[in-house]
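Structure, as structure tokens:
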Amino acid sequence: MSRYETIHGIISTGIPMTKTVSSRPLSLSSFLLVLFTGTMCSSMIVSFMTFYIVEGLGRAPWTISLYAGAVTVLGITCNRTFGRWLDAGVAPFSLIGVALAGYLLATTALSISPSFWTVLTFGVIGFGLSGSAVSTMFSLGTVVAERREIARGRSNAFMRATTSTAWMIGPAVAFLFSERFGEAAVFKLALGLALCWALMWWTIIPRDMTLSPKAGSVKTSAQQPSGLWLAAAFVFCLSSAHSLTFSALPLFYVREVGLPGYAPGTAFSMKTFVEIFAIFTTPLIISRFGLKGPLVVVALLAAVTILLLSYVQTYPQMLAGAALEGLYYGLYASIGISFMQSFAGDRPAQATALYWNVLSVSGILAGPATGFIAQAYDFQAVIRVASAVAAFAALLLFASMFRKHWL
């Protein structure tokens, strides 16, 4: 029995645990319900914090980087560590509980004292820990899909569609609630939803359901195939473009275009509504065209779409741009994670964790980049830089297609 299994056993029951097969089945629908609720909790906060720091607390745009950088570093550390533990046989139940406890800590603290220093202390620790939940849930979802004999591409589509649905609802609720009751009230709402998440986690997720431990998964975790890192480089570039756009758009719409305060939430909802339909087309696209070709086209579409977003001046234009954004991101989100997992080998949880960590790293750089570019120019300039980054992602993947042994 590995030390990771022993750690999990002590966390869960106080004694080492050797059981690796769940004593009760977990249905796909129940799993997706927990995933939806947890993602909705995250989406409310992630989409709102940039706006809250600048508009709610009156801080300069560059201060976004302090919060975003600290949260992402902690999230990356958790994802990497938890991924290794999952591949070694630790049950996801306890790891999801750690993420949930962090979210409850942060939302409780900000509900009591919604200040900038609370954001940088309890907010960073709590939301940093909670950032590991999605990666852990996706690893658990792989096991659920295998036991239900669902193809990986299809199961990824189900999970990405579920997270996109949560993102369609969460940010809109956060911004509408902020507009009606004030910025700080959003944290009280998030705390209430987190209690529902905790109840579902406790009653639905099996305590002993695990990924099958892979021989040598811990000892060789650093020996990743070169193709995985090339895939990670592409995902990093396109995710950076999305993160820059994601951080800048709410303030661009409200401050520079002059749209109402609820506009960013509506734009998020439109984006994710289209995103869901795009995601469900990806299994067919992958089966017919593979992974690389569609991703090159998606990256080019992203570059054009983001550039168009920088020229938005009216509410209808914002909605049209959000629909295009949802189209490219839905295709990218589902095909991109399948692309990374195709290099997983015998370390599926670590490959999944690397995918989410790459997304988090893009957030680390996007946070300060958004702040500093906006400080020097404006938020429109941030979006135009994001368009150039997306174009570079397309060029990178296209060039890599000529490499020997590339997928």
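Not measured: the values here are computed from a predicted model.
Listed by chain and number, the residues in a side chain to side chain donor-acceptor pair (under 3.5 Å) with Glu55 are Arg255 (sequence neighbours excluded). Checked against side chain to side chain donor-acceptor pair (under 3.5 Å), Tyr355 has the following partners two or more places apart in sequence or in another chain: Arg160.
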Subject >> Evaluation steps, side-chain hydrogen bond (donor to acceptor under 3.5 Å, both in side chains), between Ser243 and Ser362 >> reply: CA-CA 7 Å; Ser243 296; Ser362 72; 3.1 Å; yes

**OP:** Could you give me the CA-CA distance, side-chain angles and deciding distance for Asn156 and Ser338, then say whether side-chain hydrogen bond (donor to acceptor under 3.5 Å, both in side chains) is met?
**Re:** CA-CA 7 Å; Asn156 281 338; Ser338 296; 3.2 Å; yes

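Between the side chains of Thr118 and Ser115, at least one donor-acceptor pair of N or O atoms lies under 3.5 Å. Using a 3.5 Å distance cut-off with no hydrogens or angles, the side chains of Tyr332 and Ser239 do pair a donor with an acceptor. Between the side chains of Ser27 and Ser30, a donor-acceptor pair is found at a separation under 3.5 Å. No donor-acceptor contact under 3.5 angstrom links the side chains of Asn79 and Ser132, judged on distance only.
Heavy atoms from other residues, nucleotides or ligands lying under 6.0 Å from CZ of Phe392 number 12 at most. The environment of Phe177 atom CZ is dense: over 12 non-hydrogen atoms of other residues, nucleotides or ligands sit within 6.0 angstrom. The neighbour count for Phe277 CZ, taken as heavy atoms of other residues, nucleotides or ligands under 6.0 Å away, does not exceed 12. A 6.0 Å sphere centred on CZ of Phe273 holds no more than 12 heavy atoms belonging to other residues, nucleotides or ligands.
The two residues Leu129 and Cys78 come nearest to each other via the heavy atoms CD2-SG, 3.6 Å. Nearest heavy-atom pair, Leu74 versus Gly128, reported as atom, atom and distance to 0.1 Å: CD2-CA, 3.8 Å.
Between the side chain of Ser387 and the backbone N or O of Ala303, at least one donor-acceptor pair lies under 3.5 Å. Checking side-chain atoms of Ser178 against main-chain N and O of Ala174 turns up no donor-acceptor pair under 3.5 Å. Of the possible polar contacts, none joining the Glu325 side chain to the Ile306 backbone as a donor-acceptor pair under 3.5 Å is found. Panel note: side chain Ser113, backbone Ala109; no donor-acceptor pair is recorded below 3.5 Å. Judged by distance alone, with hydrogens and angles left aside, the side-chain atoms of Thr305 form no donor-acceptor pair with the main-chain N or O of Ala302 at under 3.5 Å. Of the possible donor and acceptor atoms, none in the side chain of Gln317 sits under 3.5 Å from a partner among the backbone N and O of Val312. Formation of a donor-acceptor pair under 3.5 Å by the Thr63 side chain with backbone atoms of Arg59 is not found in this model. Panel note: side chain Glu256, backbone Phe379; a donor-acceptor pair is recorded below 3.5 Å. Under the 3.5 Å distance criterion, the side-chain polar atoms of Thr281 are matched with a main-chain donor or acceptor of Ala278.
Counting heavy atoms from C-beta outward, Ile279 and Ile276 have side chains that stay 4.5 Å or more apart.
Both tests hold for Arg384 against Tyr311: distance to the six-membered ring centre under 6.0 Å, angle to the ring axis within 45°. Figure legend: Arg207 and Trp202 shown as a cation-pi pair, the cationic atom lying under 6.0 angstrom from the six-membered ring centre and within 45 degrees of its axis.
Ring geometry for Phe339 against Phe234 counts as perpendicular: the plane angle is over 60°, on a 0 to 90° scale with 30° as the lower cut. Note: Phe187 and Tyr52 have perpendicular aromatic rings, judged against thresholds of 30 and 60 degrees for the angle between ring planes.
The distance from the CG atom of Leu35 to the CH2 atom of Trp197 is 10.0 Å, given to the nearest 0.5 Å.
The six-membered or imidazole ring of Tyr67 lies away from that of Phe116, with a centre-to-centre distance of 6.0 Å or more.
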